[in-house]
Student: 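Take a look at this one; I'll ask things after.
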Amino acid sequence: MANYLLRRLLLIPLTLLAILLVNFTVINLAPGDPSTILTSALSADGSRAADQGTERSTDDQYLLFREHYGLTRPILFNLWPGRTKNQVKEDLEKLLARPKGMSARAHAEFRVRVGDRSRYTLPLLLELLKDPSERSELQKVALEMFKRGGTLVGTSGGNLTPEMRSKNQQIARSNQKLRQIKTAQEAQAWWEEHRQLAVFEFNRMERAALFLTGTRLTGYLQRVLTLDFGAMRNDSHRLVSKEVVKRMKVSLTLAFAPMLISFFLCQLIGFTMAVFHNRWPDYFLNLMMLFLYAVPVFVVAPFLIEKVALPHAWPTSGFHSSWEVYSGLTSWHRLLDIALHIFLPLTAVLYGTLAAQARLSRTAVLEVLRQPYVRTAYAKGLAPFKVLTKHVGRNAAITIVTSLASSLGVVLSGSLIVETIFGIDGFGRFFYEAIVNRDYNVIMFSALAGGFLALIGYLIADILYTLLDPRVTFVAQKK
Amino acid sequence: MLYWSSLLREEETKELKVEVLALKRQLSRLQLQPSPLYRSRELAVHNLLKTDPFYEETLPQLLGPEFEPHGVLRVAEIGKPENLHPFSPWHNVGELLSMCTLPVACTKFGFYEEISPGMALAIERRDDEFWVFLRDQVYWEPLKEQFFPAGFQLDESFLEPHQVTAEDFKFYFDAVMNPYVQLAGALGVRNVFADIEEFRIIDPLTFVVRWRKSEGKIKYTALQATSSLKPLASWVWQRFPDGSKIIEDDDYRNNSVWAQNFIDHWAKNVIVSCGPWTFGGWRDRQITLERNPHYQGPGGALFESYTVEFRAVPDLIWQDFKGEKIEFFDSRFAPDKLSELQEFIKTPLYQEQTPIHQLDSLDRAFRYIGWSCKSPFFKNKKVRQAMTMAIDRQRVIDSYLNGMGVITTGPLSPADVGYDKSIEPWSYDPVAARRLLEEEGWVDRDGDGIREKQGVPFSFTMIYFVGNAISKLLSDYLTTALREIGVECKSVGLDVADLSARIETKDFDAVILAWTIGSPPPNYKQIWHSSGAEQKGSSNLTAYVNPEVDELIELLEYEENLEQRKRYYHRFHQIMHEDQPYTFLFVPKRTLVYRENLGNLFIPSDRPDLIPAAVVTEPSTSIVYKIDG
């Protein structure tokens with residue numbers, strides 16, 4: 001048993017790594033990045049402000065932001081330092097004239113990618129700039145990309161050492177000069193003066209090292225291995241892990257409480273239906289469960305607000321009262337306040353799970369009731385209560401445990417609808433907003449936390465099997 | 001006992017420390033003396049700012065002599081802002097920021113182009129320069145440690161008030177113009193200030209803005225733009241939390257490293273305040289503002305505090321309003337709720353509550369379908385006219401907006417003087433639309449119900465914002481309506497990120513969107529000047545080009561004669577109507593639903609008894625107060 005558990009626990013980090021890799025790739029390959037959210041001035045009603053002038057987009061739009069979040073690097077492998085002069089020229093030609101079949105949007109994305117690569121191809125761009133045989137249009141684009149590649153970001157945040165301050169000053173000056181460059185000679189002069197400011201040229205060894213290390217994935221992995229899951233995109237002082245845990249408390253309340261309640265209630269209802277199989281209690285409960293199962297949560301939740309909360313002046317939103325009120329309450333009153341706030345959301349989460357699990361429990365109990373060992377138990381004169389609790393209950397519970405435990409990871413995101421309708425700032429809504437806002441740190445940590453919970457859920461289920469059914473064992477059987 | 005007494009002593013010491021700090025802040029407020037050079041204000045003999053009689057006389061009369069600000073004004077908004085950065089793209093953050101600061105000058109209550117003292121007491125024009133004389137003794141409120149996460153180290157200097165000076169206005173200008181500050185709020189106003197040639201500080205309370213001249217004239221909007229300059233707290237945004245400066249050379253207009261730190265600044269979730277309201281804190285989904293007791297300017301807060309709740313869906317706001325948890329419900333959130341209101345009024349719950357009132361007004365926005373002039377389908381204006389004629393706009397308003405809208409004929413607000421009321425909207429006429437398409441060579445030759453031209457079927461893609469219910473309904477309707485004239489419209493709903501990317505690259509045939517219309521004088525260069533037609537990310541989404549429109553826009557930039565300006569606007573409106581780069585669908589009507597215990601909620605133009613000749617047709621909530629009893 002201990003061996004088995006140890007193996008399972010050791011597998012968790014590996015599984016999480018796989019989850020991380022899949023999620024990281026999918027998220028990074030999804031169209032748009034956090035900077036596209038920044039560009040949007042759409043309001044909730046889909047309107048944009050027409051009262052102000054807007055400066056045209058430039059190649060370095062959101063460059064500082066993208067650099068800061070490592071979005072200018074390739075996702076999994078970095079082959080950019082190895083690009084040849086011809087490849088660079090080919091890229092520039094494509095920028096000059098959009099190839100047939102390439103949409104305007106794909107062309108714009110290609111432009112951003114070429115811009116990101118230019119950091120690694122600066123000497124080649126300079127060569128093209130200086131080459132008198134090259135067309136002036138091509139050199140114009142080469143100059144734009146040269147400026148783009150040469151723009152550096154300084155060290156952000158306080159507590160800077162004198163060296164950091166000095167480097168920041170040099171970077172600011174370099175960027176300012178870079179912006180003013182108009183000719184190849186000026187570009188050459190800038191190159192001579194500032195080439196030492198960052199690594200712009202790479203030898204074979206450095207290229208090989210960059211292949212794996214100069215990517216978004218390694219950047220993220222380096223942080224994750226030191227348990228640094230990053231900060232919120234909108235506030236660098238708020239750690240993602242803390243924010244997720246804060247909301248997890250809310251969501252777990254909305255996930256665990258209905259899970260526990262429904263486990264006991266569904267056993268009770270399932271048993272009643274199975275024992276009174278094909279008689280009126282079975283028909284009645286079956287019909288009721290079917291009805292509950294059929295009514296979607298987005299219908300029930302507003303109904304509860306409209307018909308229960310509003311007429312009785314119950315809270316209609318939030319996990320607790322406003323901070324002004326809540327902070328003035330005693331611990332006991334805080335508990336009551338939370339209970340009053342979550343009663344309706346809990347009901348909304350509970351009824352669906354209960355309906356589904358009760359029907360599952362009925363089937364499981366019926367299945368067990370038909371087993372020969374149950375008939376044997378009755379035959380040997382055991383009291384019906386004892387047969388039902390000791391022989392039927394334990395075995396039927398295995399099905400429910402499997403179903404509930406495996407849903408642990410899903411229930412977190414599943415409470416999104418309830419959290420939205422009841423205005424609760426929980427994990428489901430937090431995760432959803434992070435996806436919409438492309439907050440990579442939150443998405444990744446949430447996916448990992450959800451995956452971890454699901455794995456723990458399966459492990460608990462496996463352990464419960466052995467407790468519920470002695471025939472299940474983790475010790476290898478000798479043949 | 002010893003333990004308890006030491007605890008009590010500790011509590012007392014803490015309280016004493018808080019009181020001493022408060023006293024110290026009050027003292028520092030008194031110690032700041034006006035600069036001797038400040039007397040230069042008296043030189044402003046030709047002050048362009050006129051006092052606003054509404055704030056001076058009318059409002060005090062409306063409130064009564066006994067009035068004291070009281071109560072909490074509770075409102076709700078959809079969504080949640082990313083942060084409270086001074087250049088945040090989120091329009092509600094802009095509103096909160098404007099409540100907590102004051103620009104150089106304010107528009108007079110009920111008017112658009114008339115200005116009154118704001119942070120400045122006087123503005124004087126001297127040739128191509130505007131001399132701005134600021135108020136004395138206006139302070140930035142200190143930051144509070146509770147605004148920041150636990151353990152965040154904040155230098156003592158941030159916990160003291162600082163005087164608002166000319167330096168803060170120049171700093172705002174530099175921050176806007178810094179090319180590395182690529183935030184929507186800065187990009188939005190950079191063009192407005194692009195013609196400022198020099199920003200000169202004379203003394204701590206006086207600065208000069210010199211505008212570029214063209215043929216001896218400065219831009220018509222130069223005064224308004226100068227008036228819109230705001231202070232940006234240099235004592236916060238130039239520094240790290242430990243009080244040290246982010247950069248040493250003070251070159252905030254060009255420095256990329258400062259811009260980098262400014263974009264991700266440690267105070268970006270705090271509103272540094274010097275206006276009628278001060279920032280009270282941001283917790284989860286609630287932002288609180290408090291009345292600034294030190295504020296002396298126009299339009300002081302009439303409530304003790306103001307809270308904004310951020311809700312995910314309009315339904316939650318509606319429930320909050322019904323439960324008397326917020327004071328207003330704006331029909332912009334969900335027009336369909338107005339029909340529910342009639343039902344709600346009949347319920348027993350409502351009978352126990354404060355009565356509800358409604359206030360209707362015309363929104364300063366319009367919804368449109370933009371036809372890409374680059375698309376092979378919509379290059380020709382006759383085709384665009386045919387599209388407009390195939391759409392029954394009145395039906396759209398009646399069916400999808402419950403009649404809460406007005407058909408519009410151009411990109412102006414029907415309430416503005418520039419709107420040519422003589423222009424009749426294109427009538428709904430599918431027969432005429434079919435005829436126009438046939439004249440342009442779009443004929444259904446193979447009998448499949450879709451027209452073709454040179455073998456290309458008239459089948460195009462229309463994109464819209466999937467999060468907007470009206471756009472979704474419109475796209476469904478348009479697919480059916482255009483099918484009737486032999487045009488296939490494939491509508492694609494996109495989220496914000498995808499839609500923005502497609503709009504930015506002009507990668508669409510048609511788009512359903514809306515523009516909010518700014519305060520007059522309108523700036524049409526942003527959307528209609530041909531200089532933006534080929535630019536990535538420009539607001540000329542449809543790549544519209546018309547040399548006459550360009551000329552009119554350029555003339556309007558410098559024309560000062562109001563009658564001549566009106567003629568230019570009317571001509572512009574006529575061209576827009578004829579060219580139909582957009583199908584101008586409708587201007588929505590807005591209903592503000594509120595409780596009876598709120599006073600002073602009215603539309604300025606409807607109250608000539610209070611504000612003679614007022615032109616603003618929208619209600620303002622800034623003068624609302626709570627009626628006792």
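We name chains A, B, ... by the order of the sequence lines, and we start the count at 1 in each one.
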Student: Does any backbone or side-chain atom of B:Gln286 lie under 4.5 Å from a heavy atom of chain A? Answer side chain, backbone, both or neither.
Tutor: side chain
Student: Using heavy-atom distances under 4.5 Å, tell me whether B:Ile246 contacts chain A through its side chain, its backbone, both, or neither.
Tutor: backbone
Student: Against chain A, work out which of B:Asn92, B:Leu349, B:Asn83, B:Asp320 has the most heavy-atom pairs shorter than 4.5 Å and name it.
Tutor: B:Leu349
Student: Could you tell me if the side chain of A:Arg247 sits less than 4.5 Å from the side chain of A:Phe430, heavy atoms only?
Tutor: yes
Student: Do A:Phe319 and A:His341 make the cut of ring centroids closer than 6.0 angstrom?
Tutor: no
Student: What class does the angle between the rings of B:Phe148 and B:Trp266 fall in, given that below 30° is parallel, 30 to 60° is tilted and above 60° is perpendicular?
Tutor: tilted
Student: Where on B:Lys374 is there a heavy atom nearer than 4.5 Å to chain A: the side chain, the backbone, both, or neither?
Tutor: neither
Student: Could you measure the distance from the CD1 atom of B:Ile247 to the CZ atom of B:Phe240? Nearest 0.5 Å is fine.
Tutor: 9.5 Å
Student: Counting neighbours of CZ on B:Phe152 that are heavy atoms of other residues, nucleotides or ligands and sit closer than 6.0 Å, is the number greater than 12?
Tutor: yes
Student: Among the options B:Glu309, B:His85, B:Lys322, pick out the one with the most heavy-atom pairs lying under 4.5 Å from chain A.
Tutor: B:Lys322
Student: Please indicate whether B:Gln153 has more than 12 foreign heavy atoms, meaning atoms of other residues, nucleotides or ligands, lying under 6.0 Å from its CD.
Tutor: no
Student: Non-hydrogen atoms of chain B under 4.5 Å away: do they reach the side chain of A:Arg173, the backbone, both or neither?
Tutor: neither
Student: Given heavy-atom pairs under 4.5 angstrom as the criterion, report whether the side chain, backbone, both or neither of B:Pro522 touches chain A.
Tutor: neither
Student: Mind telling me whether A:Trp314 and A:His312 have parallel, tilted or perpendicular rings, with 30° and 60° as the class edges?
Tutor: tilted
Student: Heavy atoms, side chains only, cut-off 4.5 Å: are B:Leu474 and B:Tyr464 in contact?
Tutor: no
Student: Non-hydrogen atoms of chain A under 4.5 Å away: do they reach the side chain of B:Asp315, the backbone, both or neither?
Tutor: neither
Student: Given a strict heavy-atom distance threshold of 4.5 Å, which part of A:Lys242 is in contact with chain B: side chain, backbone, both, or neither?
Tutor: neither
Student: I'd like to verify something: which residue of A:Ile171, A:Ile305, A:Asp425, A:Thr316 has the highest number of heavy-atom pairs under 4.5 Å with chain B?
Tutor: A:Asp425
Student: Side chain, backbone, both or neither: which part of A:Thr155 has a non-hydrogen atom closer than 4.5 Å to chain B?
Tutor: backbone
Student: Checking A:Ile421 against chain B: side chain, backbone, both or neither under 4.5 Å from a heavy atom?
Tutor: backbone
